[in-house]
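As structure tokens, the structure follows; a few thoughts come after it.
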Amino acid sequence: MTMTDTKHNVKIAVIGGSGLYKLEGLEVIGEVNPETPWGFPSDKIVISKLPSGDKIAFLARHGRGHYLTPTEVPVRANIAALKSLGVEVILAFSAVGSLREEIPPCDFVLPDQLIDRTRGLRPSTFFGEGLVAHAGFADPFHAGLADLIAAQEKSLQFSAKLHRNKTAVCMEGPAFSTRAESHMYRSWGGDIINMSALPEAKLAREAEIMYQMICMSTDYDCWRQNEEAVTVETVMQNMGNNGINAKNLLHAILPSLEKAVKENTLEPKLKGSMKFAGMTSKEKRNAETVRKLDYILPGYFS
């Protein structure tokens, strides 16, 4: 059974993190709150109309009012709900701490690699429970989307720069890092740190959705000896400029992104990538798990 909501047929979605809680300058068509096999998403998904007439979906990762911790975000429901609307591309905004001198607060980063420092508290796969599958995840973000976003760097204000080819560390939170941890992440090659990249990127890959995180630096974490350790106050002060730039960048990206999605020119392509990822023999597959997976990957395992 195909669970995609053809009434909406939204190809592009934005997940807003700390500092980006809504899309401005677009006509809102309505809100939906799909119940998925993994529950409801963080909040109602707002459907807006682009100038071209196409639709775009917006989901507040932590819920409107920021009431969910990174660990509490129902990521499987979020990704499944977006997939049910027809979403093929996700632009995910996130506040991050900088682990490098050359990435000051208010700069933007397009990471291409990821280190997982979550602690197994967050459900991180749609599989298991009687159906084993393995998604390729060597490159956790989407290079074609990163190229398209980077081309719009000039839309950033306040002398902000956009950095590429950086490694993100995703920690559990909600407490910030210790100084020892911050130095350790730097020694590992980490460039930025947040609490939201995983399992979001991994679940998007399992759902065959092209996914790129757009990271907004708010602080230097706590590794700099001559810098005050990161606090919520510091983060909030820099979110104002970051929020303005996030909206500027998004509006600059959308025309070329719409065109690329319509013409199917984004590379690499992910559709069909999970079709032969299953390891469990057909007679051993759990029927309930197969039913749930039909919601995001119809017919792949049934």
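Just the heavy atoms: all of them, side chains too, but no hydrogens, waters or symmetry mates, feed the values below.
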Hey, are Asp54 and Lys259 close enough for a salt bridge, meaning a charged N less than 4.0 Å from a carboxylate O?
-> no

Just how far is it from atom CG of Leu257 to atom NZ of Lys262, taken to the nearest 0.5 Å?
-> 11.5 Å

Near Lys44 NZ, under 6.0 Å, is it more than 12 heavy atoms from other residues, nucleotides or ligands?
-> no

Could you tell me whether the side chain of Asn194 and the main chain of Ala95 form a donor-acceptor pair under 3.5 Å?
-> no

Any side-chain heavy atom of Asn241 sitting closer than 4.5 Å to one from Gln157?
-> no

side-chain contact (heavy atoms from CB on, under 4.5 Å) between Leu26 and Phe58, worked out | CA-CA 11 Å; Leu26 297 174; Phe58 179 84; over 6 Å; no

Step-by-step salt bridge (Lys or Arg N to Asp or Glu O under 4.0 Å) determination, Lys271 to Glu88 = CA-CA 9 Å; Lys271 279 186 181 176; Glu88 297 176 2; 3.0 Å; yes

Between Leu266 and His142 the two heavy atoms that sit nearest each other are CB-CE1, 4.2 Å

Enter the distance from Ile29:CD1 to Lys55:NZ here, rounded to the nearest 0.5 Å.
-> 5.5 Å

For residues Arg205 and Leu270, determine if any side-chain heavy atom of one lies less than 4.5 Å from a side-chain heavy atom of the other.
-> yes

Do side-chain atoms of Ser42 reach the backbone of Val73 as a donor and acceptor pair under 3.5 angstrom?
-> no

Nearest non-hydrogen partners of Leu99 and Ser182, listed with the distance = CD2-OG, 3.5 Å

Decide whether Leu162 and Phe158 are clustered together by the hydrophobic rule: side chain heavy atoms of Ile, Leu, Val, Met, Phe, Trp, Tyr closer than 4.5 Å, transitively.
-> no

Report the distance from atom CZ of Phe301 to atom CZ of Arg291, rounding to the nearest 0.5 Å.
-> 15.5 Å

If every non-hydrogen atom of Arg285 is compared with every non-hydrogen atom of Val290, which pair is closest and at what distance?
-> CB-CG2, 3.9 Å

Counting distance only, does the side-chain N/O of Lys49 pair as donor-acceptor with the main-chain N or O of Glu27 below 3.5 Å?
-> no

I'd like a table of donor-acceptor pairs (distance under 3.5 Å, sequence neighbours excluded) in which one partner is a side-chain atom from residues 32-41, with atom names and distances.
unit_1 : atom_1 : unit_2 : atom_2 : d
Thr36  : OG1    : Trp38  : N      : 2.9
Thr36  : OG1    : Gly39  : N      : 3.3
Thr36  : OG1    : Gly39  : O      : 2.7

Where do Leu203 and Ile209 land on the side-chain contact (heavy atoms from CB on, under 4.5 Å) test, with the steps shown first?
-> CA-CA 9 Å; Leu203 291 165; Ile209 298 174; over 6 Å; no

Determine, using the 4.5 Å side-chain heavy-atom cutoff (strictly less than), whether Val14 and Ile244 are members of one ILVMFWY cluster.
-> no

Considering non-hydrogen atoms only, spot the tightest contact between Gln212 and Pro111 and give its length.
-> NE2-O, 3.1 Å

Say you draw a straight line from SG of Cys215 to CD1 of Ile193; how long is it, rounded to the nearest 0.5 Å?
-> 11.5 Å

Side chain proximity check, Ile214 to Leu250, heavy atoms < 4.5 angstrom | no

Mind checking whether Asn78 and Ile45 have side chains closer than 4.5 Å, heavy atoms only?
-> no

Residue pairs involving residues 109-119 (criterion side-chain hydrogen bond (donor to acceptor under 3.5 Å, both in side chains); sequence neighbours excluded) = Gln113-Asp139, Asp116-Thr118, Arg117-Tyr185

How would you list, by chain and number, every residue that makes a ring-ring contact (aromatic ring centres under 6.0 Å, His included) with Tyr211, sequence neighbours excluded?
-> none

Flag, side chain of Tyr220 to backbone of Pro105, donor-acceptor distance under 3.5 Å | no

Following the transitive rule for hydrophobic clusters with a side-chain heavy-atom cut-off under 4.5 Å over Ile, Leu, Val, Met, Phe, Trp and Tyr, establish whether Leu50 and Val261 coincide in one cluster.
-> yes

May I ask you to test the Glu101-Trp223 pair for a side-chain heavy-atom distance under 4.5 Å?
-> yes

Kindly say whether Met184 contributes a backbone atom to a donor-acceptor pair with the side chain of Ser187 at under 3.5 angstrom?
-> yes

Option passing side-chain contact (heavy atoms from CB on, under 4.5 Å) with Cys170 (candidates Met213, Glu200, Arg122) | Arg122

Ile192: which other cluster members, linking ILVMFWY side chains closer than 4.5 Å, directly or transitively?
-> Val96, Ile103, Val109

Nearest heavy atoms of Arg179 and Cys222, plus distance in Å | NH1-O, 2.8 Å

Begin with the C-alpha distance, continue with both residues' side-chain angles, and end with the deciding distance and a verdict on side-chain contact (heavy atoms from CB on, under 4.5 Å) for Arg100 and Arg186.
-> CA-CA 8 Å; Arg100 300 293 164 191; Arg186 280 168 48 81; 3.8 Å; yes

Looking only at atom types and distance, does a side-chain atom of Asn286 sit under 3.5 Å from a main-chain N or O of Glu288, one as donor and one as acceptor?
-> yes

Sidechain-backbone polar pair: Lys22 side chain, Val46 backbone, donor-acceptor under 3.5 Å | no

Leu114 side chain reached by Phe141 side chain, heavy atoms, under 4.5 Å = yes

Do you know which two heavy atoms are closest between Asn245 and Ser155, and how far apart they sit?
-> OD1-O, 4.2 Å

Does Asp191 reach the main-chain N or O of Thr167 with its side chain, forming a donor-acceptor pair under 3.5 Å?
-> yes

CA sep, side-chain torsions, deciding dist, call: Ser256, Gln152, side-chain contact (heavy atoms from CB on, under 4.5 Å) = CA-CA 10 Å; Ser256 54; Gln152 303 301 327; 4.3 Å; yes

d(Met216 CE, Leu156 CG) to nearest 0.5 Å is 11.5 Å

Under the ring-ring contact (aromatic ring centres under 6.0 Å, His included) test, which residues partner His62, sequence neighbours left out?
-> His66

Are Phe176 and Trp188 joined in one hydrophobic group, where the rule is that I, L, V, M, F, W and Y side chains link up if heavy atoms are under 4.5 Å apart?
-> yes

Return a table of donor-acceptor pairs under 3.5 angstrom between the side chains of residues 125-137 and protein atoms on other chains or two or more places apart.
unit_1 : atom_1 : unit_2 : atom_2 : d
Thr125 : OG1    : Phe127 : N      : 3.0
Thr125 : OG1    : Glu206 : OE1    : 3.2
Thr125 : OG1    : Glu206 : OE2    : 2.7

Where the side chain of Asp221 meets the backbone of Ser98, is there a donor-acceptor pair that is under 3.5 Å apart?
-> no

Backbone N/O of Val75 and side chain of Arg61: donor-acceptor pair under 3.5 Å | no

Report the residue from Leu249, Ile56, Ile149 that forms a side-chain contact (heavy atoms from CB on, under 4.5 Å) with Leu91.
-> Ile149

When rounded to the nearest 0.5 Å, the distance separating NZ of Lys161 from CZ of Phe108 is 15.0 Å

